[in-house]
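Have a look at the structure below, then the notes.
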Amino acid sequence: MTRLLLIGMPGAGKGTQAERLSQAFGIPAISTGDIFRHNVKNETELGKQAKAFMDRGEYVPDSLTNALVRDRLSHQDAAAGFLLDGYPRTGEQVEELDDILLQQGNKLDAVVQLTADTDEVVRRLLGRAIEQGRADDTEEVIRRRLEVYEEQTAPLTSVYAQRGLVIMVDGLGAVEEVTERIMQALEARGLDRI
Ligand code: ADP
């Protein structure tokens, strides 16, 4: 029964680590970015609404994002725990998640903040642009995403820090090393892998 959040700048390696933590804890990794991209690709109503925001590097409006997460967390596979990757990113999303958890009678175990420096993440994201051709990976859009992160999401870590939930982990280094750092920090808090 582990409930985790993964927070960090675009390009900090959240998606990669989320997959590994999901395996280790036997909980689903839920990435709002992946869900939005899937909807854009399949041209669903949600995808059509989200696309313009994503292409500009802006956040999808809270109303859409919150409804999506509320629905996803009501699925059976999330009942025994989850790892949220890329949510919450705004103050309103923090409140929505608090409300969802309150209704469920559940609480978060930890918020993993993956740190990285700006030059490194821009390098990684430009590399990914070449490999995967993601529409929001052009240099201009990357810079905008980093700005939006600093303005809207970085301040949220202090909200969770006040609750004593934040674990800061250096996201630079080999993928396995970073996973090991996260696992050790979680184990130190009494959260064990399966
Ligand atoms: P990154 O962390 O590299 O910015 P993500 O894959 O997490 O990428 O998200 C891609 C895009 O999806 C974001 O730039 C944003 O437009 C949208 N998105 C993802 N999660 C959220 C969220 N919680 N709130 C609003 N928009 C979101």
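Read the numbers this way: they start at 1 and go in the same order the structure lists the ligands and their atoms. Throughout, numbering of the chain's residues begins at 1 and tracks the sequence. Just so we're clear, the structure is a prediction, and the values are computed from it rather than from any experiment.
- Proximity of P10 to I142: side-chain heavy atoms (C-beta onward) are nowhere separated by under 4.5 Å.
- Under a cutoff of 6.0 Å and an axis angle of 45°, R89 and Y87 do not form a cation-pi pair.
- In terms of modelled atom types and a separation under 3.5 Å, the side chain of K14 and the main chain of G8 share a donor-acceptor contact.
- If you check the side chains of Q104 and R3, you find no donor sitting under 3.5 Å from an acceptor.
- The side chain to side chain donor-acceptor pair (under 3.5 Å) check on T44 picks up N39, with sequence neighbours excluded.
- No salt bridge links D137 with R124; every basic N to acidic carboxylate O contact stays at or beyond 4.0 Å.
- Near ligand 1, heavy-atom contacts under 4.0 Å come from P10, K14, T32, G33, F36, R37, M54, E58, Y59, V60, T65, G86, Y87, R89, Q93, R128, R134, D136, R145.
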